[in-house]
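Heads up, the thing below is written out as structure tokens.
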Number of protein chains: 2
Amino acid sequence: MGAGDATMAAEQTASPAMRARGSRNDQTRRHNLSALLTAVHYGGPLTRAQLTRDTGLNRSTIGGLVAELADLGLVVEDSAAETGAVGRPSLIVRPRTDVVSLAIHPDVDALEVGAVAIDGTVVGRRRVALDAPPSAESAVQIAAAEARFLLGSMPGVRVAAAAAAVPGLVAMDASTVVDAPHLGWRGVSFGERLSDALGIPATVGNDANLGLRAEWGYGAAKGHDNVVYLNGSASGIGGAALLGGVMLRGGRGYGGEFGHMMIRSEGVECSCGRTGCLETELNAVALDAAAHDDEALDALARTLARAVANLECAFDPDVVLLGGFLGTLYEEREALIETEVDRHSFLPKAEGASIARAALGGNRLLIGAAERAFMPLLADPAGTVLIQR
Amino acid sequence: MGAGDATMAAEQTASPAMRARGSRNDQTRRHNLSALLTAVHYGGPLTRAQLTRDTGLNRSTIGGLVAELADLGLVVEDSAAETGAVGRPSLIVRPRTDVVSLAIHPDVDALEVGAVAIDGTVVGRRRVALDAPPSAESAVQIAAAEARFLLGSMPGVRVAAAAAAVPGLVAMDASTVVDAPHLGWRGVSFGERLSDALGIPATVGNDANLGLRAEWGYGAAKGHDNVVYLNGSASGIGGAALLGGVMLRGGRGYGGEFGHMMIRSEGVECSCGRTGCLETELNAVALDAAAHDDEALDALARTLARAVANLECAFDPDVVLLGGFLGTLYEEREALIETEVDRHSFLPKAEGASIARAALGGNRLLIGAAERAFMPLLADPAGTVLIQR
DNA sequence: CGTGATAAGTTTCTGGCATAAACATATGAC
DNA sequence: GTCATATGTTTATGCCAGAAACTTATCACG
């Protein structure tokens, strides 16, 4: 009889908190439309035959669902490219590239606005250099002006939503920036203000979170469901984690602040009030200072390795993704870091997580924010209104 | 327009890994049966009217679903207790107490077997004291004998499944004990062997995980969806985390090993090969030694506080739950720990997690293991066969 | 070319599921 | 004892995916 039988079902989670929502027939339809649009969103153009296999749904059902998505203006069906296979060629379903989301990234020295199509390509971007960190209000104004310009250059385009990637704590409402120290924002309803200025629903997400989302969808974390992400930037170390395919959020939305994980008990005092935080021990300044000092660089690499080992022991990820200067440090000291992590790893060897460098570079936050903006549409393709420009 | 509109849907997770499963009509039925059984499982007896409100389903639908659950022998409907309210009294739906799961807990000095009814009450338990840690084989034999005895005393009872709580790493197959150092088990297919010996499907879970599951369903974590759990026992410190209502597992099932979180960089060498692990700095021996030394106890409390602060910064939980000797330490140094955690907390004050002591005591692991065993039944009430004894 | 094999799109019909609406019933209030 | 209220029950309806039969587009082979 074996234990295997029960395994699959047992992995599911039953909520004791009486969150018992009933399911209706129309939710089935919504779920299936969502599954198809999500599949072509991440997987690129797919044939109807592939969708049939992947979803396990019937040919007829796929036909109907794809027709509805086409009616909604979300996908187009092309004749097949020649495959050389026998049998009637299957139609290719691809997301329409004239459906975009707006991505906004305010940072200390610049503000970027991008338009990202539903297939994940950045179809337009504008960057405004800034002398000083923008106030929330000026960020909204600049973003709105740039967005208008951007959309003006793309006639006929339809906009799903907008989202901003902000370096700081974002509340569960996906609008309020609770504390973005480097921008000097505290308790700002940035999403709501953006929304009003753009005339488009806008949400806000933490930059590390959205960075991981992008890497997950289109970068180095693609295909992995358990990922720890560490990103080193001028403003410190941001962290995020994807666990079982779900983004770590926490009760208030502040989960994943690995930059303030204690890494040295007798360490330097951090701006956050604690001592020995990862980002006070390992940061852009320290890395610059160690640029021509092999031992200093080794020490920093060892610090990173301990952080990675600690995170592996807490999360047991498939991949630990390193971005920004942490990615650079990793490339420069790959062997050292790998052996140090192995040495410190609590988990059975050979099974450990792999370490990888983040892949998407300068487009990462724009793609991540757009991902966030596309989520309502992906979750309910028929129930989400697009804004025609 | 505001950001709020998009928020709910945006919190959902769309999987890029092309896990696009289609949903069929019969899954709707299964989902709803599961939702109802789960509701009465955790929420105790509920009226049909309450179920109607909680699920959002139609009166008629609830009627049909409850009838099916009753036909399956999983629930009974009673006439209402007098509520004093106007209107026709609603029938009370309660889980049948003659449906049980077997819980098995092998430990270094004893093996416990319990029978837990579907309403969460422990209806029978047997404890066999042991001179030495049992081998996996003898644990199977003892468990099977005790289970036979236990079930023999409960005629007419039907068994859903069995599950064991094991102090060690358990693989994703929910059967293989990869490494249970205190028992000396390595790479044992304990679940499969149990299954064969009992004649009942059996799975295996990590003890801390199952402890948290129990506290979540029936103890101090009830109603919270983001919980970090730390349990101190003779064999060290076990950890587990519930994140957004989902148990942290990791890619291989080893997530949540917070006992091996680095807490002092120049610390003592741990059996795991690392240094300064939480459980080498704070354990039963150290606590005993500090029993009559206020300063030593303060130091241990500070160590605990740092661990809690670290976990809060990574997970942003609603509650940090402390069990075993950590619960004792917390009770003895509550004020100190609270202020130290606040001082070290990275997150905005006042919003921080509360700390609480685990509630379920000696029944915790039996309840947790039974929870695990009930999961397939809860997930698919109509598709899971009960074993008649 | 023309025929057959193959695979996929399309059409039609069916069954399951939740719902709405109408009806029946059990309680409290007056 | 009647009414208001809330809930259980029965019946008819609409939606959705699936199955089966049919149609279409390609390749292979002679």
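Values in this document were obtained by computation on a predicted structure and should not be read as measured data.
Every residue meeting the salt bridge (charged side-chain N to carboxylate O under 4.0 Å, His left out) condition with A:D78, not counting sequence neighbours, appears here in chain and number order: A:R94. Applying the salt bridge (charged side-chain N to carboxylate O under 4.0 Å, His left out) criterion to B:R252, with sequence neighbours excluded, gives A:D316, A:D318. Applying the side-chain hydrogen bond (donor to acceptor under 3.5 Å, both in side chains) rule to A:T47 yields the partners A:Q50; only residues at least two apart in sequence or on another chain are considered. Residues meeting the salt bridge (charged side-chain N to carboxylate O under 4.0 Å, His left out) test with A:E215, sequence neighbours left out: A:R364. For A:L91, the side chain to side chain contact (heavy atoms under 4.5 Å, CB included) criterion is met by A:R48, A:E77, not counting sequence neighbours.
Of the candidates C:dA7, D:dC16, C:dG9, the closest approach to any side-chain atom of A:L91 belongs to C:dG9. Of the candidate nucleotides D:dC15, D:dA17, C:dA26, D:dC15 has the atom nearest to the side chain of A:N25. Comparing C:dA7, C:dA8, D:dA4 against the side chain of A:V86 picks out C:dA7 as the nearest. Here C:dA18 is the nucleotide among C:dA18, C:dA8, C:dT10 with the atom lying nearest to any side-chain atom of B:L65.
The side chain of B:R29 contributes an N or O atom lying less than 4.0 Å from OP1 or OP2 of C:dA18. An OP1 or OP2 oxygen of C:dA8 is reached within less than 4.0 angstrom by a side-chain nitrogen or oxygen of A:R53. Here A:R48 reaches the OP1 or OP2 of C:dT10: one of its side-chain N or O atoms lies under 4.0 Å away.
Ring planes of A:Y42 and A:W216: tilted class, angle from 30 to 60°.
Following rounding to the nearest Å, B:L51 (CG) and D:dT7 (C1') show an atom-to-atom distance of 13 Å. Between the NE2 atom of A:H31 and the P atom of D:dA17 there is a distance of 10 Å, rounded to whole Å. We find that CD of B:E77 is positioned 12 Å from C1' of D:dT7, with the value rounded to whole Å. Between B:I92 atom CD1 and D:dG8 atom C1' the separation is 15 Å, expressed in whole Å. Taking atom CD of A:E68 as the reference point, atom C1' of D:dA17 lies 13 Å away to the nearest angstrom. Residue B:Q50 contributes atom CD, which lies 16 Å from atom C1' of D:dG8 at whole-angstrom precision. At whole-Å resolution of the value, CD1 in A:I62 and C1' in D:dA19 are 15 Å apart. Atom pair B:Q27:CD and D:dG18:C1' shows a separation of 13 Å (rounding to whole Å applied).
In this structure, the separation between CG on B:N32 and CG on B:L51 is 11.5 Å, given to the nearest 0.5 Å.
Among the atoms of the strands shown, only primed sugar atoms or phosphate atoms (P, OP1, OP2) are found under 4.0 Å from some heavy atom of A:G84. B:T61 comes within contact range of at least one nucleobase, with a heavy-atom separation under 4.0 Å. Within the nucleic acid shown, B:S90 comes within 4.0 Å of sugar-phosphate atoms alone, with no base atom in reach, counting heavy atoms only.
Between A:S60 and A:A85, the one whose closest nucleotide on DNA chain D sits nearer the 5' end is A:S60. Between B:T47 and A:N58, the one whose closest nucleotide on DNA chain D sits nearer the 5' end is B:T47. Mapping A:G87 and A:T52 onto DNA chain C via the closest heavy atom, the residue that lands nearer the 5' end is A:G87.
Between the side chains of A:D173 and A:S175, no donor-acceptor pair of N or O atoms lies under 3.5 Å.
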Show the distances under 3.5 angstrom between N or O atoms of the protein and N or O atoms of nucleotides 22-24 of chain D.
unit_1, atom_1, unit_2, atom_2, d
D:dT24, O4', A:R88, NH1, 3.3

